[in-house]
Amino acid sequence: MLSGRVHGSEGGVYRILLDSGEEVSASLRGRLKREARTGDKVVVGDEVAVLIDPDGSTTIEAVRPRLTQVVRGGPGGRRPKVVAANVERLVIVGAVVRPELRQTLLDRLLVVGEANGLEPVVVLNKMDLWEGPPPLAGLYRRLGYRVIPTSAKDGTGLDSLKDLLCSGISAMVGPSGAGKSSLLNAIQPGLSLRIGDLSEKQGRGRHTTVSGRLIPLDCGGLVADTPGFSEAGIWGVERRELERCFPEFAPLRDGCRFRGCTHLHEPGCRVGEAFQAGEIDPDRFESYRVLHKEAERG
Ligand code: GDP
Ligand code: ZN
């Protein structure tokens, strides 16, 4: 049995990079196939054990336990779906200008990271078009998030971003046009991603095969390019888990009078008091309100 990692998947065929450096295509052993039908399928990022038959057929025999999994809840109660495994950080890319930086979207993606147990990092790109400190950087840093201002054009911040991406598996998300493909191309010349090549365009409006891939960087890191990563919903996050996705609530929420306080209207709510006192950023609280409405009951 050989071990390796799933680097790509499309229509039931898995591209696997073996530990030896060799790349093979494999299908799933029958038992795993049945599990795939019940939703727990093999996904990009999975570490797998592979058997190469003398007849040349290659099958995935086993999947190692996952450190993390990115789960996308289907709209309208569709069964949640694992879209990537073993991703350790979510690199959220926004442009400081063009497309307009929308805090609600960044907050939404921060929640996706928190809910899935990934380390969120905020990248503010296109700094070459901006004078002065980047917008929102102060806010997010105060919340404890790492913020990296970058420019794919003039090279600002690329060393820091590269350091980050060179270990483990990262997923890059953010609105189309923010510069995700450009940043990767700048970090690794020769990668030649088409500008605007990353994830969203592939995923949007298409309901056919969900495929995904890992982009290997020469320095050793892997970047997950998974369609649908940036789609609007908040992916099966339940209402009661939402509060722990807002780090600024952490020191307050035990002070609320009621257990299960939603922090939206209850008397004796410590979070609400802090908001009234101006200790919580009003736009963050608004994001919480919006996402709470959207999140699944349960
Ligand atoms: P993606 O959709 O997030 O992958 O974004 P792209 O990498 O396709 O970039 C979208 C557009 O923004 C392209 O026209 C890029 O040339 C441009 N762009 C990307 N990064 C920068 C940057 O740092 N500065 C400037 N001025 N333009 C950028
Ligand atoms: Zn409360």
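Here the structure is a predicted model, which means the values were calculated and not measured. Scope of the values below: all heavy atoms of this structure, side chains included, with no hydrogens, waters or symmetry mates.
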Tell me whether [X] is salt-bridged to [Y], with the criterion being a basic N under 4.0 Å from an acidic carboxylate O.
| X | Y | value |
| --- | --- | --- |
| R66 | D46 | yes |
| E248 | R284 | yes |
| R15 | E23 | yes |

Co-membership, hydrophobic cluster, residues [X] and [Y], 4.5 Å side-chain:
| X | Y | value |
| --- | --- | --- |
| L101 | L129 | yes |
| L28 | V24 | yes |
| V93 | L217 | yes |
| L143 | L106 | yes |
| V13 | V48 | no |

To the nearest 0.5 Å, how far apart are [atom1] in [X] and [atom2] in [Y]?
| X | Y | atom1 | atom2 | value |
| --- | --- | --- | --- | --- |
| I215 | Q188 | CD1 | CD | 9.5 Å |
| L193 | L183 | CG | CG | 11.0 Å |
| D107 | D281 | CG | CG | 8.0 Å |
| C261 | E266 | SG | CD | 3.5 Å |
| Y14 | S25 | OH | OG | 12.0 Å |
| R108 | L291 | CZ | CG | 5.5 Å |

Open item on the list: Regarding C166 and C219, I want to know if their SG-SG distance comes in below 2.5 Å, which is how I'm defining a disulfide.
Closed with: yes
What is the minimum heavy-atom distance between [X] and [Y], and which atoms define it?
| X | Y | answer |
| --- | --- | --- |
| V237 | A295 | O-CB, 3.4 Å |
| V147 | P149 | O-CD, 3.7 Å |
| P189 | A186 | CD-O, 4.0 Å |
| N125 | A152 | OD1-N, 3.4 Å |
| Q69 | N116 | O-OD1, 3.2 Å |

Student check: side-chain heavy atoms of [X] and [Y] closer than 4.5 Å:
| X | Y | result |
| --- | --- | --- |
| L90 | S170 | no |
| S160 | R146 | yes |
| L109 | L105 | yes |
| P135 | V96 | yes |
| E238 | L242 | no |
| E114 | Y145 | yes |
| V91 | L165 | yes |
| E22 | L2 | no |

TODO: Walk me through it: do E241 and R244 pass the test salt bridge (Lys or Arg N to Asp or Glu O under 4.0 Å)?
DONE: CA-CA 6 Å; E241 341 172 55; R244 72 172 176 83; 3.2 Å; yes
- [ ] Verify the distance criterion only: is there a donor paired with an acceptor across the side chains of S151 and D154 at less than 3.5 Å?
- [x]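 Result is yes, a qualifying pair exists.
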Open item on the list: Side chains of T68 and R89: any donor to acceptor distance under 3.5 Å?
Closed with: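 Result is no, nothing qualifies.
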TODO: Go through the steps for D53 and T59 under the test side chain to side chain contact (heavy atoms under 4.5 Å, CB included), then give the verdict.
DONE: CA-CA 8 Å; D53 264 8; T59 47; 5.5 Å; no
TODO: Start with the C-alpha distance between L118 and V70, add both sets of side-chain angles, then the distance that settles side chain to side chain contact (heavy atoms under 4.5 Å, CB included), and finish with yes or no.
DONE: CA-CA 9 Å; L118 318 180; V70 178; 3.9 Å; yes
- [ ] For L214 and D225, run side chain to side chain contact (heavy atoms under 4.5 Å, CB included): C-alpha distance rounded to whole Å, both residues' side-chain angles, the deciding distance at 0.1 Å, then the answer.
- [x] CA-CA 6 Å; L214 295 181; D225 178 13; over 6 Å; no
TODO: For K153 and K126, run side chain to side chain contact (heavy atoms under 4.5 Å, CB included): C-alpha distance rounded to whole Å, both residues' side-chain angles, the deciding distance at 0.1 Å, then the answer.
DONE: CA-CA 7 Å; K153 269 242 156 81; K126 309 202 186 182; over 6 Å; no
Task: Short side-chain to backbone donor-acceptor contact, S287 and D283, under 3.5 Å - done: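 Judged by distance alone, yes, a pair lies under 3.5 Å.
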Open item on the list: Would you say the rings of F246 and F285 are close, in the sense that their centroids are separated by under 6.0 Å?
Closed with: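 So the answer is no for these two rings.
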TODO: Quick one: sort the F249 and Y288 rings into parallel, tilted or perpendicular, breaks at 30° and 60°.
DONE: perpendicular
Task: Of L222, I16, V44, L18, the residue whose pairing with R5 passes side chain to side chain contact (heavy atoms under 4.5 Å, CB included) - done: L222
